[in-house]
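In what follows, a single structure is set out as structure tokens and then discussed.
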Amino acid sequence: MGILFLIIFTLAEITLAVLSCTKFSEKVKWMQNRLIVRGVESALILLIILLPVTYMKWRFILAAAIVFIRLIIAGIIWLIKRRKAEGVKKKAGVIIGCILSVVLIAVSLTPAFLFTNYHGLETTGEYKVKETGVILTDESREDEFEKDGSFREIPAHFYYPEDAEGNFPLIIFSHGAFGYYQSNYSTYAELVSNGYIVVALDHPHHAFFTKDTAGQIVTVDPDFINSAMTVGDGTGVSDEEIFNITQSWMKLRTDDESFVLDSIKVAKDKSALSDSWQAEDEELILHILSVTDTDRIGLMGHSLGGASGIALGRKRDDIGAVIDLDGTALGELSAIVNGKGVYKTEAYPVPVLVFSQGKDYNEEEQSGAYAGINERLVENAKDGKIVYINGAGHMDFTDLPIFSPFLGSMFGSGKVDSRECMTTVNAVSLNWFNYYLKNEGALDIKASY
């Protein structure tokens, strides 16, 4: 849509410039034609915004504002000067004005160029997907990132089947470093459409941005960004340092997830929300909890979120299945001694599925105490499996490269078709959870795709 509007806008501006330099060079005629062109441009951008096939309409708001302001200015000038304008419009001014107009609109359309008209992938289930949100306050923990002694707040976003009755398994999703709760919307939608409740968390100060109970925006912590970049690069930092840093991340996130899970269970059992809940719609949340089966729980996450899901699967005895989307199983190390990793020897107790980039990537990139840790996890699990997606980059296990190919490439997408990759990830994830949480069907999962 952005490209289409820019092409039409450019053609309109060029047409205006050509007519002004040839057939209608008088100033009064130029002002009249400019007003007409501005009106057409305004009508076009308004049509684009109002079209039901246009999603994420905010991508066009800046361009629309500029176009409408230009229409108003052109109209005012026409009303004031139409009876006084004399002479011929200078060609240089017309050409320069045309160029500046196109550049201005092109810049204002940057959001439309950066982000696609994405609204999720096609789902395979029978249920329509709805969303609502809460913020849970854990009064047993102070937020280590805050300096005022405030308690830890965890935004939780409920995705649920519309008008559905029954008992639906619960999936808790945790985003990656600098991530966002909607990072895997297509995954939530696919699961929910097939009869699941998905609760996607924001981990404040680890999330790119979120909101607190006061309605204030909470952005990612700069120190966390620096630490994550240092650990990710691996240059000039020892395995001991990586271990100490990442274990603190694991504790923060598993505490967040456990608190949300415990809060959901208590609220469901009591059919009431405690003071720790701030909900958009309390009655709706209670209805969702009434159809949530807290005896069938799955954990899922991307990158650091996948790692924390694996770690939590060891800590709790109420988890039925875990899926890790290209995260390193950081919690499987119990210590670093003399530069060597000490791995947990107890069998991993929960069925665990690990998605990973192509096998060649893992063999070439991993080193030190963390080399082969995911493979070790799967081998040590009572039931575990690794699925390699050939040609995938780290961000291809989220919706980001579909939502914004530019940002996906910047943060790490691969050669794989992003839509095809997420379609595969979602189908395999559904198969895994159906088998272990619903006792439905048979596992039909290949080693690589």
Side-chain angles (χ1 to χ4, degrees), residues 1-17 31 33-78 96-123 128-131 133 157 159 178-186 188-189 202 207-211 215 217 219 280 395 398-411 413 417-419 422:
M1 285 289 191
I3 294 293
L4 177 62
F5 178 75
L6 181 59
I7 291 173
I8 295 175
F9 180 92
T10 301
L11 290 175
E13 291 295 320
I14 291 175
T15 300
L16 175 62
M31 286 191 296
N33 290 338
R34 182 179 64 172
L35 181 59
I36 293 172
V37 168
R38 298 290 180 265
V40 172
E41 292 167 349
S42 298
L44 177 61
I45 192 88
L46 181 62
L47 176 63
I48 288 175
I49 291 175
L50 294 178
L51 281 174
V53 295
T54 301
Y55 299 94
M56 298 187 300
K57 299 179 188 294
W58 54 265
R59 296 177 299 147
F60 298 96
I61 295 301
L62 179 58
I66 290 175
V67 168
F68 290 135
I69 289 171
R70 285 159 57 88
L71 172 63
I72 293 170
I73 292 173
I76 292 173
I77 293 175
W78 163 250
I96 292 173
C98 175
I99 294 172
L100 291 178
S101 292
V102 172
V103 171
L104 177 63
I105 294 301
V107 171
S108 71
L109 285 169
T110 298
F113 299 146
L114 288 180
F115 303 98
T116 65
N117 196 39
Y118 176 63
H119 62 289
L121 300 178
E122 185 176 352
T123 57
K128 290 184 178 180
V129 182
K130 302 291 288 184
E131 176 191 354
H157 307 269
Y159 294 87
F178 335 137
Y180 182 52
Y181 80 90
Q182 286 186 317
S183 67
N184 286 69
Y185 173 79
S186 70
Y188 317 152
D202 269 328
F208 185 60
F209 73 92
T210 185
K211 284 186 177 181
I217 299 295
T219 57
E280 296 174 3
M395 299 311 299
T398 72
D399 291 350
L400 181 62
I402 311 173
F403 174 58
S404 174
F406 174 79
L407 293 179
S409 177
M410 178 184 295
F411 290 109
S413 58
D417 180 274
S418 299
R419 285 179 174 269
M422 282 308 299

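- No side-chain heavy atom of L114 sits under 4.5 Å from any side-chain heavy atom of R59.
- Contact of the F5 side chain with the I105 side chain is registered, since non-hydrogen atoms from C-beta on lie closer than 4.5 Å.
- Taken to the nearest 0.5 Å, the CG atom of L71 stands 9.5 Å off from the CD1 atom of I76.
- Aromatic ring orientation, W58 versus F115: perpendicular (interplanar angle above 60°, classes split at 30° and 60°).
- In this structure, the separation between OG1 on T123 and NZ on K128 is 10.5 Å, given to the nearest 0.5 Å.
- In this structure, the side chains of M395 and L407 stay at 4.5 Å or more apart for every pair of heavy atoms.
- A search for salt bridge (Lys or Arg N to Asp or Glu O under 4.0 Å) contacts involving R38 returns E13, E41, not counting sequence neighbours.
- No donor-acceptor distance shorter than 3.5 angstrom exists from the side chain of D399 to the backbone of Q182, with no hydrogens or angles considered.
- Summarising the geometry of S42 relative to F68, their closest heavy-atom pair is CB-CE2, 3.3 Å, with the distance given to 0.1 Å.
- Across all non-hydrogen atoms, the minimal contact from A63 to L109 is CB-CD2, 3.6 Å.
- A 4.5 Å side-chain heavy-atom check between S183 and Y188 finds at least one atom pair inside the cut-off.
- Residues E131 and Y185 have side chains that never bring a donor and an acceptor to within less than 3.5 angstrom of each other.
- Here the shortest heavy-atom pairing between F60 and A112 reads CE2-CB, 3.8 Å.
- Counting heavy atoms from C-beta on, the side chains of F403 and T398 never come closer than 4.5 Å.
- Between F113 atom CZ and I3 atom CD1 the span is 4.5 Å, to the nearest 0.5 Å.
- Closest non-hydrogen pair, S186 versus Y118, comes out as CB-OH, 3.3 Å.
- At a threshold of 4.5 Å between non-hydrogen side-chain atoms, the residues C98 and L16 do not count as touching.
- Side-chain atoms of Y55 and T116, non-hydrogen and from C-beta on, never get closer than 4.5 Å to each other.
- The shortest heavy-atom contact between I45 and V67 is CG2-CG1, 4.3 Å.
- Here the CD1-CD1 distance, from I72 to I77, works out to 12.0 Å after rounding to the nearest 0.5 Å.
- Side-chain atoms of T10 come within 3.5 Å of backbone N or O of L6 as a donor-acceptor pair.
- Atom CD1 of I402 sits about 4.5 Å away from atom CG of L121, to the nearest 0.5 Å.
- In this structure, L46 CG and L51 CG are separated by 9.5 Å, a value rounded to the nearest 0.5 Å.
- A donor-acceptor pair under 3.5 Å is absent between the side-chain atoms of S404 and the main chain of L400, judged by distance alone.
- Side-chain contact between T219 and T210 is absent, with no heavy-atom pair separated by less than 4.5 Å.
- Between P401 and S418 the shortest heavy-atom distance is CB-OG, 3.2 Å.
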